[in-house]
Amino acid sequence: MASADGKVVEEEGVEDDVVEIKEKPLDIMRYMDAVRDSSAGAIATFSGTTRDTFEGQEVLELRYEAYETMAYRELRKICQAARERWELKRMAVAHRTGVVPTGQESVFIAVSSIHRQDALKACQFVIDEIKASVPIWKKEIYNNGESWKQNSEFLTRNTT
Amino acid sequence: MELNEVERSGEEEEEAGGAHHQRRRRQGGSPSGRTEKKQITVRALLFAHARELAGGVSEVSLHIDDGWTTAQCLENILTRFPALKSLASCLTLALNDNYVDKNAPPMLVKDGDELALIPPISGG
């Protein structure tokens, strides 16, 4: 992987892991197929979808942006950390950026493992870690304003 | 990503009152002949809420003395964009794609480093 200025970004995860940040709808089946493995007995997935209300206010759309080089690096670190904790076959993690209409996937995680517990636990771990450390931001747009959101997982980890 | 607005920062603007548009060559010395510290350039990136508070500026080149810490760079940016101070208490820094640990000893920046201002994240 190379960043915009041509510097080689250090690879931290397993090369087979699919890690993507893209400004397009996420193709769920493609990620599920990417982790499909005949030696695996389970594929666990998590979809994060965009809500249409926040504290009674109608959310018209959401806008995501990423610090891409760092976000890729953090996502790979998370995959690596999950592999160290559980016995996993394949992993795919994707985050959408740009304008995301309500009711659509903003994040998708797929993990395969021989036994389901490993994949299920890893999936939960990956989404929790994404919320705590991956530099991606979400702004909610309402009829009468807009608001940058803050993940409690990040604030907990970064309070001094 | 909007990375097109580049603001020059640092001493040449303040000293020259806007007369210099090109960065002074480090080896060129100063016209006054006084001894100068080595100058380095650090790219600072502003994202999300931080970029908006800075009036849409997403990248700032800091031309600074060698030996500055990441915290000093942040102070410099806050001075240039006072509106960012409202966010300062919850800003985290990242140096070359790695979070700067607020509890670790001060970290020095090097020429060519990339320093990002990370407002509270909200991915997922």
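Hydrogens, waters and symmetry mates play no part in the numbers below; they use all other heavy atoms, side chains included. Predicted model, so just to flag it, every value in this text is computed and none were measured.
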Minimum heavy-atom distance between Ile118(B) and Pro135(A), given as atom pair plus value: CD1-CB, 4.2 Å

Cluster check Trp148(A), Leu155(A): I/L/V/M/F/W/Y, side chain < 4.5 angstrom: yes

Least distance between heavy atoms, Ser106(A) atom then Gly124(B) atom: OG-O, 3.1 Å

Enclosure of Glu87(A) CD (heavy-atom neighbours >12, cutoff 6.0 Å): no

Pair Lys77(A)-Asn98(B), side chain to side chain contact (heavy atoms under 4.5 Å, CB included): steps then yes or no: CA-CA 11 Å; Lys77(A) 278 198 228 171; Asn98(B) 287 297; 3.7 Å; yes

Region of Ala71(A) in contact with chain B, defined by heavy-atom distances below 4.5 Å: neither

Backbone N/O of Ser122(B) and side chain of Tyr64(A): donor-acceptor pair under 3.5 Å: no

Test item: Asn151(A) side-chain N/O and Gly123(B) main-chain N/O as donor-acceptor pair under 3.5 Å: yes

Close approach to chain B in residues 108-130 of chain A, criterion heavy atom under 4.5 Å: Ile127(A), Ile130(A)

Nearest non-hydrogen partners of Asp97(B) and Thr69(A), listed with the distance: OD1-OG1, 3.0 Å

Structural part of Glu153(A) lying under 4.5 Å from a heavy atom of chain B: neither

Joint hydrophobic cluster, Val107(A) plus Phe54(A), side-chain heavy atoms closer than 4.5 Å: yes

Under 3.5 Å donor-acceptor, Trp137(A) side chain and Pro119(B) backbone: yes

Most chain B-contacting option - heavy-atom pairs closer than 4.5 Å, from Arg63(A), Glu74(A), Lys149(A): Lys149(A)

Joint cluster assignment, Leu62(A) & Tyr142(A), ILVMFWY side-chain distance < 4.5 Å: yes

Worked verdict on Glu114(B) versus Met70(A) for side chain to side chain contact (heavy atoms under 4.5 Å, CB included): CA-CA 11 Å; Glu114(B) 185 173 283; Met70(A) 184 172 171; over 6 Å; no

Non-hydrogen side-chain atoms of Lys139(A) and Glu52(B) separated by less than 4.5 Å: yes

